[in-house]
Every structure is written in structure tokens, then in C-alpha cells.
Novice: 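Got a structure for you, questions after.
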Amino acid sequence: LQIALGKASGALALGMSSRAIITVGEAYPTLIPKLDALAVAGIIAAPGALLIDDGVGGVMAAIAATGDSGDNDEACVRAAIAAVGLTERA
């Protein structure tokens with residue numbers, strides 16, 4: 001639970017998927033550790049958290065999964081978003 005919470009918290013704090021956070025961390029190695037304290041449950045830079053679009057240009061929420069590979073976690077989250085009729089924020 002804590003890992004999924006950290007993935008979702010980071011996605012919300014930075015306004016991007018947890019996969020995108022990895023890219024930012026690679027480009028700016030000291031940034032994510034410094035921002036970690038600002039996110040409610042920290043920032044875990046691993047695939048598996050996506051943002052949900054609110055339909056008017058903002059973010060409704062983030063959803064995350066953990067327990068399998070990052071790719072499978074992300075696929076599970078993507079399927080869950082679609083299953084309830086919501087849209088992933090690009």
C-alpha cells in the first residue's frame with residue numbers, strides 16, 4: 001500500500017505519471033529527492049500511477065497500483081480508469 005500511495009502522491013504533486021517522474025529524475029538527479037518532502041506521501045518514481053482527467057483541463061485524482069512489474073502495474077491502472085469510464089490525463 002505504501003508504494004502505491006507514494007506513486008500516486010508523486011504523480012499528484014508533480015502533475016505527471018509516475019513513469020514520467022523517472023524521466024525527470026534522470027534529467028535532474030537531485031530534484032526528486034528534494035521534492036519528496038513536499039508530496040503528502042512522498043514520491044516513488046516507478047511506473048504504476050496515472051492521473052485522471054477531470055474533463056475541464058485539470059486533474060481529478062491519481063490512481064496507482066503495485067505488486068507486479070511497473071509495466072503491469074501501469075496497465076492495470078490504465079484498464080481501471082477505462083473500466084469506470086474516466087480518461088487518463090495525457
Side-chain angles (χ1 to χ4, degrees):
L1 176 64
Q2 295 301 325
I3 293 171
L5 187 57
K7 290 179 182 183
S9 175
L12 283 171
L14 299 179
M16 62 184 72
S17 72
S18 56
R19 183 180 296 274
I21 294 171
I22 296 168
T23 304
V24 171
E26 290 170 349
Y28 304 97
T30 61
L31 181 63
I32 301 305
K34 289 178 181 177
L35 294 176
D36 184 65
L38 300 177
V40 173
I43 297 174
I44 295 184
L50 299 172
L51 299 173
I52 300 172
D53 191 89
D54 70 358
V56 292
V59 174
M60 176 190 301
I63 182 173
T66 193
D68 205 321
S69 70
D71 290 340
N72 287 343
D73 290 346
E74 189 172 88
C76 178
V77 167
R78 188 166 279 121
I81 291 169
V84 296
L86 297 173
T87 304
E88 174 187 344
R89 178 156 177 171

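Just so you know, these numbers come straight off a predicted model, no measurement behind them. The basis for the numbers below is simple: all heavy atoms, side chains too, and nothing from hydrogens, waters or symmetry mates. Residue numbers count from 1 along this sequence.
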Novice: Which residues, ordered by chain and number, are linked to V56 in its hydrophobic cluster, where ILVMFWY side chains connect at heavy-atom gaps below 4.5 Å, directly or through other members?
Specialist: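 Its cluster partners, ordered by chain and number, are none at all.
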
Novice: Given a cutoff of under 4.5 Å between side-chain heavy atoms of I, L, V, M, F, W and Y, with clusters grown through shared members, what are the other residues clustered with I44?
Specialist: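 Answer for I44: I3.
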
Novice: In Å, rounded to the nearest 0.5 Å, how long is the span from CG of L5 to NZ of K7?
Specialist: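 Going from CG on L5 over to NZ on K7, the span is 11.5 Å.
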
Novice: As an exercise, state the distance from OG1 of T30 to CG of L35, rounded to the nearest 0.5 Å.
Specialist: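 T30 atom OG1 to L35 atom CG measures 9.0 Å (nearest 0.5 Å).
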
Novice: Could you note down all residue pairs passing salt bridge (Lys or Arg N to Asp or Glu O under 4.0 Å) where residues 80-89 supplies at least one of them, sequence neighbours left out?
Specialist: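 As it turns out, the salt bridge (Lys or Arg N to Asp or Glu O under 4.0 Å) pairs with a partner in residues 80-89, which skip direct neighbours, are R78-E88.
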
Novice: Can you list everything that forms a side-chain contact (heavy atoms from CB on, under 4.5 Å) with I22? Sequence neighbours excluded, please.
Specialist: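 Applying side-chain contact (heavy atoms from CB on, under 4.5 Å) to I22 gives E26, A45, P47.
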
Novice: Not counting sequence neighbours, list each pair that qualifies as a salt bridge (Lys or Arg N to Asp or Glu O under 4.0 Å) and has a residue in residues 42-71.
Specialist: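 Salt bridge (Lys or Arg N to Asp or Glu O under 4.0 Å) check on residues 42-71 returns R19-D71.
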
Novice: What's in the same ILVMFWY side-chain cluster as L50, cut-off under 4.5 Å, chained through other members?
Specialist: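 When side chains under 4.5 Å apart are linked, the cluster holding L50 also contains I52, M60, I63, V77, I81, V84, L86.
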
Novice: Evaluate the side-chain proximity of M16 to T23: yes if any heavy-atom separation is below 4.5 Å, no if none is.
Specialist: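 No, too far: nothing below the 4.5 Å cut-off.
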
Novice: Enumerate, atom names and distances included, each donor-acceptor pair closer than 3.5 Å involving a side-chain atom of residues 8-15, sequence neighbours excluded.
Specialist:
residue : atom : partner : partner atom : Å
S9      : OG   : V40     : N            : 3.4
S9      : OG   : A41     : N            : 2.9
S9      : OG   : G42     : O            : 3.1

Novice: Using the test side-chain contact (heavy atoms from CB on, under 4.5 Å), find all partners of D36 that sit at least two apart in sequence or belong to another chain.
Specialist: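 D36 satisfies side-chain contact (heavy atoms from CB on, under 4.5 Å) with I43 only.
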
Novice: Could you report the tightest heavy-atom contact between P33 and P29, atom names first, then the distance?
Specialist: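 Here P33 and P29 meet closest at CD-O, 3.5 Å.
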
Novice: Look only at the side chain of S18 and the backbone of G48, and say whether a donor-acceptor pair between them is shorter than 3.5 Å.
Specialist: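 Yes: the side chain of S18 pairs with the backbone of G48.
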
